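Have a look at the structure below, then the notes.
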Amino acid sequence: MPGYLASRLLSLILSLAVASLVIFAVIEVIPGDPAAFMLGLNARPDTVAALRAELGLEGTRPQRYLAWVGGMLTGDLGVSYTYRVPVAKLVADRLEVSLPLALMALALSTAIALPVGVFAAARRGRAADRLAMGLAQIGIALPNFWFAMLLALVFAVNLRWVSAGGFPGWEAGLLPALKALTLPAVALALPQAAILTRILRSSLIETLGQDYIRTARARGLSRGQALRRHALRNALIPVLTILGLQFAFLIAGAIVIERVFFLPGLGRLIFEGITQRDLIVVESVTMLLVATVIVVNFLVDLAYVWADPRLRRR
Amino acid sequence: MIAVRGLRLAISGQPILHGLDFGIAAGEVFGLVGESGSGKSLTALALLGLLPEGAQVSGRALFEGRDLLAMTEAELCAVRGAGIGLISQEPMTALNPVMTIGDQVAETLIVHGAARPRAARRIAAERLARVGLPPGRIDPGRYPHELSGGQRQRVAIAAAIAMRPRLLIADEPTTALDVTIQAQILALLGGLVREEGMGLLLITHDLAVVAGMARRIAVMQAGRIVEEGAAEAVFRARRHPYTRALIAASAHVPARRPLPPGEVLLTVEGAAVDYRLPRRHPFARAPRFRALDRVSLRLRAGESLGIVGESGAGKSTLARAILGLEPLTAGAIRLAGRPVRAGDPRMQAVFQDPYGSFDPRLPVGRSLAEPFHALGPSRPRDGSARVAEALAEVGLKPGDATRFIHEFSGGQRQRLAIARALIARPRLILLDEPVSALDVSVRARILDLLAGLQARHSLSYLFITHDLTVVRAITDRVAVMQGGRIVEEGPTAEVLARPRHDYTRSLVASAPAIPGDWTARSAHA
Amino acid sequence: MSGRRTLILGAGLAALFLVPALVSLVWTPHDVAAISVGDKFLPPSAAHPLGTDHLGRDLLSMLMAGGRTSLAVALVAVGIGVAAGVPLGLLAAAARGRLIDEIVMRGNDLVFAFPSLVIAILITAVWGPSAVNAILAIGIFNIPVFARMSRGAALSLWTLDFIRAAQVCGKGRARISAEHILPNILNLLIVQATIQFSLGILAEAALSYVGLGAQPPTPSWGRMLAEAQTLIYTQPMLAVLPGIAIVVTVLGLNLTGEGLRDLTDPRLRRVLP
């Protein structure tokens, strides 16, 4: 096991290093001078020079890369040019929206997929399974932002249960804040739940066909006992990988969904960064998102060790 | 104890079993023998009510007076594991990989309400000790992947006998195991029957195994029991023609005259192969494993040399090295004086798996012509004529060249593989377990074919196998491998009759055999 | 449902909007670029079977032409994934366990860590939004998908005896990959391509919706949805129709892929996700 952990840790560090290099390089290939790019064509030369100094563009590329990475490691993400506040502060503010949203969606999609997937696998081929799988097919085909628009149309405009967008902030109280996040979380979660349900079902069905399920049945376990005691844990091993990958999709999805519901989250911060040509914001926030995905996948690798004793070498 | 009457089975309307009658008494070993597709495994599943969906069963199977076939699912659950235990063929996949072996044995007791978890674990440890896995040596907290195949089969047996069932069904319990391990597992099963007075339904394709174990046997063919009786009587009388054919095939030795030894064709000198193992941590040096340890061999033209050994002995590595597919760490392998390389037209190969030996997307004629690739510019112009000729030599029709591999049976596929090996007119053919996946009757005909081709083309054979009967049937000399080394080598008859090395001795002793006088010709009615 | 029936149903659904998209290359009922504010929000009529939008453009024509963008973006993105991913996957499988394999697989993991939208954002931040950049963003993300799939399928083939037989006949790894491995994984590739194609349509819609994809006046389902969002309370059909087009097309393609998979060799089926 220490070998496995060490190699995973090494690959985590390597991935983070390469990802940061890629993002840095992409920003670097911007034609011309970043400071001029950010200020636009009509900028006065002395403002450009001032920004260059502020951005630390004087140094060589390796120096600048190291300064950027070093800053990130110590929590210094630079200062936003448009907002004139540290990016770290901006990110922290926006995370108050994005993080609960992503977690709510993840919890919701797992809460739906787990029972439905098990249920469908247990009644494979019967009417209930076909219905669940038909719904899952449609769920996968749904663009989450369109689904979000429909939800807003029905629940906010027609039924007036919740507001159609915006975020009152956590200061307004727990309930109003959660209420504002409910529709976005549902819109984000349902298509993901559909994917997860299908994968769990097929993984379970494959596991149920294994020899050890038959031997378990031959020892007197009922169908349900064999499923609960033997199939489920084995079937969850590949599902773990998908959960990790889904996190990446949740992050990307959140960027879009935040736009539908006018939520002041990380996604909106990125788009503001793009329209305002605030490269520091774009660079740091993308790195943060990518780093989150990489770290989550590392955690999934660790979860494997818990789930699969074959990885625990003596 | 169990009496089966008129057991019929159809799956999706396709009849599989046509009315089986047999009975097993307490403390009796009953052998059910048959070739693949005879329906013997499905018989076991039918008794336990574990058939696939779409199966229709009729008849009666009275177990201690109650009809298994008429039971509800809940009643069957109570019988499975408690009254009847099952041991299946594949020890590698029969255990749940994410559950400790102790828990899997204990689970049987828990689901039947025979013990609470703590007590169940204690009993599980006892049962594991009974099957030869005492807690001091093999901790019940271990996982299946940490155990060898034989040990896993012992765990499966412990789980099956945890509730001391009155009947044990063993479906090919030793087919996937090495011969020395097979002997140990059979001895364990025999001991359990004697000591605990269980009945044992032993299902196997191997006549020698039932000859050594069963008091009574039934021979199955295509869903019917064609002959049944006391084991010795069935072997001696052989009343049914199928039984006769089966026994003849299992002891079949092709008629072959050893050719006068020619010049030395293949020399292996001190060949060694190291494999790199996964690193312990990213900065460690990868540990090495010596798969082949300074092996030396000679093979003359027209000679047939057997390489025997159990799994992990290095046979496959040696085969790959000789074919030029595995770089040597040390030593040299020469074919007629030159170092071997893949693509040498003088050497061809036949592999074990008749289902994976041909590209499923190509007509077999195209696959047969593949060795011409090795001839390069001297590729024959009359390729299709040569393909037809090769097909005829292995007993197939020239028209078969345009068919696809899935249209052929297992035996025909192996004939096609031999045809492919012949087509470039090689001098040496390496045969890697070529008959292991085949039924005995098919195996006998393939061995005949190989013997005939050897005589006609003065071929040299290098015959890699784990099966001593095959070695005895078709090789002139034999080399015994263990742990990457050759431990003994000599004329086949001499090595098998008077083995000198301890390992060879245990190998010969472990091989199950039908007692010689049972099959003596004079016994034939 | 049997593979064949799933396939027919799926292909039928996918054709419902993709065939009109192809037709729109040569003909649409009205010019999609023609703006006439006086004709805005017309109800369905003989001249405008689905009515008009907030700029007086014919909705049917917009839907037809919008599919064209989705189709083109998704198709080229799949092409990028296949062209780069399959050779990488075959190479990795042929060199299994060696350094090249390790590098290819690690590279894949890395690309997987960038959600396609993040790639798109990066590209757009530098080169500005356009359909071409959307293609790049989606296509790059397709590469590891195809690389993984073909490596997995190829690895299971490399263990078979017919590959050993080809090696004994002196064929090299590259030749075996091209002559034996590739033809045998072709079915799987087609299935995967169908799935990625449908994912591409979804991704293009999302990118266009947030303004990182097709730019005006190129019509696109995603942008139609973005424009319809503010009008959703008064003109819900403007938001509903393009969404239905996306769902039906993606559903159809997914069913097509599923049907094809069910008709594929069961021995290889399990390597598909």
Side-chain angles (χ1 to χ4, degrees), chain B residues 275-278 282 286 316 319-320 322-326 340-362 364 366-376 379 405-406 413-414 416-421 423-424 426 428-430 432-434 437, chain C residues 1-2 86 90 93-103 105-106 109 150 152-191 260-261 263-271:
Chain B
Y275 287 130
R276 254 201 266 183
L277 296 176
S316 304
R320 291 180 56 80
I322 289 174
L323 290 171
L325 302 177
E326 191 75 60
V340 286
R341 59 177 175 86
D344 189 326
R346 294 168 302 175
M347 179 167 62
Q348 280 296 324
V350 175
F351 300 109
Q352 173 174 7
D353 178 12
Y355 296 90
S357 279
F358 285 81
D359 190 332
R361 298 183 59 89
L362 297 179
V364 295
R366 286 271 301 282
S367 293
L368 288 190
E370 197 168 33
F372 290 148
H373 178 83
L375 297 175
R379 192 181 231 302
I405 192 66
H406 65 263
R413 288 173 196 215
Q414 233 30 355
L416 285 168
I418 294 168
R420 173 172 55 193
I423 203 155
L428 165 65
I429 300 184
L430 186 147
D432 190 356
E433 305 272 8
Chain C
M1 214 171 350
S2 75
V86 175
L90 293 180
R96 69 189 162 285
R98 295 192 213 167
L99 192 61
I100 290 197
D101 185 20
E102 189 70 11
I103 291 172
M105 292 325 285
R106 286 281 154 266
D109 289 349
S150 33
L155 277 183
S156 67
L157 284 171
W158 272 101
T159 62
L160 294 180
D161 279 343
F162 79 86
I163 300 294
R164 271 217 280 170
Q167 285 180 302
V168 169
C169 294
K171 289 186 175 174
R173 285 171 182 275
R175 200 184 172 110
I176 288 174
S177 291
E179 282 182 12
H180 292 295
I181 307 277
L182 188 58
N184 274 296
I185 66 170
L186 207 58
N187 282 341
L188 292 183
L189 279 177
I190 293 169
V191 173
L260 286 173
R261 181 191 327 199
L263 298 176
T264 300
D265 180 1
R267 196 182 48 209
L268 280 169
R269 207 183 293 158
R270 66 196 149 76
V271 299

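As the structure is a prediction and not an experimental result, all values here were calculated from the model. Numbered from 1 within each chain, the chains take letters A, B, ... in sequence-line order.
More than 12 non-hydrogen atoms from other residues, nucleotides or ligands lie less than 6.0 angstrom from CZ of R106(C). Within a 6.0 Å radius of CZ in R366(B), no more than 12 heavy atoms belonging to other residues, nucleotides or ligands are found. More than 12 heavy atoms of other residues, nucleotides or ligands lie within 6.0 Å of CG in L186(C), so this atom counts as buried by the packing criterion.
In this structure, D353(B) contributes its side chain and D161(C) its backbone to no donor-acceptor pair below 3.5 Å. At least one donor-acceptor pair closer than 3.5 Å links the side chain of R361(B) to the backbone N or O of P183(C).
Only the side chain of R320(B) comes within less than 4.5 Å of a heavy atom of chain C; its backbone N, CA, C and O stay farther away. R420(B) touches chain C through its side chain: at least one heavy atom from C-beta onward sits under 4.5 Å away, while N, CA, C and O do not. For chain C, no part of I405(B) is nearby; none of its heavy atoms comes within less than 4.5 Å.
When every heavy atom of P360(B) is checked against every heavy atom of N184(C), the shortest pair comes out as CG-OD1, 3.4 Å. The nearest pair of heavy atoms linking P371(B) to C169(C) is CA-SG, 3.5 Å.
For the pair R164(C)/S357(B), no side-chain contact is recorded, criterion being any heavy-atom separation below 4.5 Å from C-beta on. Residues H180(C) and L362(B) form a side-chain contact, since some pair of their non-hydrogen atoms from C-beta on lies under 4.5 Å apart.
No side-chain donor from either of E179(C) and H373(B) sits under 3.5 Å from a side-chain acceptor of the other.
A distance of 11.5 Å separates CG of L160(C) from CZ of F351(B), quoted to the nearest 0.5 Å.
Between chain C and the options L325(B), D432(B), V350(B), D359(B), the largest number of non-hydrogen pairs under 4.5 Å is found for D359(B). Of the listed residues (G343(B), P345(B), S367(B)), the one with the most heavy-atom contacts under 4.5 Å to chain C is G343(B).
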